[in-house]
Amino acid sequence: MLEIPCPWCGPRNESEFVCAGEADRKRPSDPEAETEEAWADYLFNSTNPKGVVREWWWHVSGCTRWFQIDRDTVTHEITPVEESSK
Amino acid sequence: MKRFSIFSLARNALTGHRHWEKMWRSPDPKREYDVVIIGGGGHGLGAAYFLAKEHGITNVAVLEKGWLGGGNTGRNTMTVRSNFLREDSVPFHEMSLDLYHQLSRDLNYNLMVSQRGMITFIQSSAANRVALQMANTMHIYGAEYRMLTLDEVKQKIPIFDPSPDMRLPVRGGVYQPRASMVRHDAVAWGFARAADARGVDIIQNCEVTGIQQENGAVTGVETTRGLIKARKIGMAVAGHGSVVASMVGQRLPITTQPLQAWVSEPVKPVLNEIVVIRSYYGTYLMQSDKGEIVVGQGCDPYPSYAQRGTFPIIEDATTSMLEVFPSFGRLKLLRHWAGMLDIPYDGSPIISKTNTRGFYIDVAGSGGFKTTPAAAKTFAHLIAKDTPHPLAEKLGLERFSSGRLIQEGGVSANR
């Protein structure tokens with residue numbers, strides 16, 4: 001069971017949240033100009049690292065806020081991401 | 001390889017079981033192989049077996065970082081079935097069932113296939129619609145999948161006694177008679193023994209740490225036991241697909257998530273069929289041949305490589321199990337585990353070439369135990385011939401850039 005640090009509500013139980021995937025994903029500014037492969041890479045591929053990953057989480061059953069954390073996918077250690085560093 | 005038979009059993013029984021030969025050798029790795037398979041689970045060992053048997057390629061090594069079948073082959077719930085939604089999925093999974101039902105004979109190794117049948121409870125009109133759609137697709141490919149009335153469900157599962165105040169009343173079920181349970185360890189061991197007998201080197205405690213390439217083609221693998229040259233490399237590493245593929249810079253449309261399961265103490269036979277509660281998104285349970293009640297649910301809701309699960313899944317699965325089988329509340333849990341699933345974006349297996357020549361991947365998909373023999377056979381075909389097997393033509397990575405995804409809702413670990 002993870003305790004997720006919501007920047008608004010503080011640490012809350014993981015079941016209140018939805019993990020919304022990797023945060024380093026950047027939508028191409030002009031999708032029409034992309035190759036099929038590059039567009040598919042944006043849509044479907046993930047880095048899926050064994051180790052620290054920066055993720056979006058959504059406090060859906062709480063304040064409904066979206067925020068980022070750094071989470072280790074092996075130890076489950078969580079570090080909040082400062083708002084200003086995004 | 002000395003064949004197992006009633007006579008070998010009798011002979012060894014009379015000599016106190018002291019003279020059974022080892023089931024496979026443990027050779028030191030050679031300097032060079034035609035094909036190196038990364039991952040000594042069911043998929044990797046099976047691919048090596050089919051490479052040797054069907055394509056005559058025997059200069060093959062299977063590299064395993066731990067012990068054989070110690071990954072997801074030893075961490076599933078033993079269930080094999082072919083109730084799927086899409087026309088690209090059903091024949092592939094049917095081939096897997098066909099192979100499972102004949103492999104004990106081919107491998108001369110008892111996989112203990114137990115054809116229990118699977119009943120999925122229908123508890124909503126949406127589930128009813130999906131079941132009918134699946135049944136129609138499956139009938140086209142000759143797979144039996146039929147609707148059961150509530151009375152038929154009760155007849156098949158006497159211990160199921162629906163109370164009138166269930167939160168989601170059971171309206172009936174849908175039944176695949178050919179769904180089976182297979183002894184999972186035996187799949188790895190049987191393939192290993194048969195592959196070894198055909199000359200495949202199985203090398204345990206040998207972790208791949210890097211992949212060497214030249215001019216866009218693989219030339220070998222760096223391992224904890226030194227450099228091993230290879231013309232072709234097949235990746236069959238459930239739960240570590242992104243890690244190994246990143247060694248050649250290949251990004252994959254997968255996330256790695258734990259799938260938990262747990263078993264009770266053994267009890268007398270009470271449950272013949274494999275039962276799925278709350279339809280395709282729900283809890284499944286079965287009674288093993290040893291008598292344990294095995295329970296599982298969908299995978300954990302976020303990526304993790306930790307080989308352990310999160311508690312809300314256990315709580316949720318137990319709640320839905322007790323609503324249907326209140327008497328199971330008296331059972332004591334014995335063991336609990338989690339396997340790491342590499343879940344493709346669309347939930348279907350990926351058996352594919354990559355951007356690096358000579359590097360092939362087999363990503364098992366959501367719940368790769370049921371696909372083991374079919375994936376192994378088609379993966380061996382792809383490695384040997386460099387073109388996909390007819391039944392795996394649509395399973396390549398190209399489907400993600402062409403947009404021709406094979407969306408599967410009927411998988412054990414839904415996105």
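Residue numbering restarts at 1 for every chain, and letters A, B, ... go by the order of the sequence lines. Below, all heavy atoms of this structure are taken into account, side chains as well, without hydrogens, waters or symmetry copies.
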Take a 6.0 Å sphere around [atom1] of [X] and say whether it holds more than 12 heavy atoms from other residues, nucleotides or ligands.
| X | atom1 | value |
| --- | --- | --- |
| B:N355 | CG | no |
| B:R357 | CZ | no |
| A:E36 | CD | no |

At a 4.5 Å cut-off on heavy atoms, which part of B:L405 comes close to chain A: side chain, backbone, both, or neither?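 Side chain of B:L405 only, per the 4.5 Å heavy-atom cut-off to chain A.
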Quick one: what part of B:I254 sits under 4.5 Å from any heavy atom of chain A, side chain, backbone, both or neither?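 Its backbone and side chain both get close to chain A.
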B:Y302 side chain to A:E14 side chain, donor-acceptor N/O pair below 3.5 angstrom: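 Per modelled atom types, B:Y302 and A:E14 side chains form a pair under 3.5 Å.
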If you round to the nearest 0.5 Å, how far is [atom2] of [Y] from [atom1] of [X]?
| X | Y | atom1 | atom2 | answer |
| --- | --- | --- | --- | --- |
| B:L252 | A:D41 | CG | CG | 10.5 Å |
| B:I343 | A:S46 | CD1 | OG | 11.0 Å |
| B:Q257 | A:C19 | CD | SG | 8.0 Å |

To check you understand the geometry: which heavy-atom pair defines the closest contact between [X] and [Y], and what is its length?
| X | Y | result |
| --- | --- | --- |
| A:N48 | B:T256 | ND2-OG1, 2.8 Å |
| B:R308 | A:V74 | NH2-O, 3.8 Å |
| B:S401 | A:A40 | CA-CB, 3.6 Å |
| A:R71 | B:P303 | NH2-O, 2.7 Å |

Do B:P312 and A:M1 touch side chain to side chain, with heavy atoms closer than 4.5 Å?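 Result yes, sub-4.5 Å side-chain heavy-atom pair found.
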Region of A:E55 that comes under 4.5 Å of a non-hydrogen atom in chain B: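 Contact with chain B is through the side chain of A:E55 alone.
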Sort out for me which of A:T47, A:T75, A:L43, A:D72 touches chain B most, counting heavy-atom pairs under 4.5 Å.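 Heavy-atom pair counts peak at A:T47.
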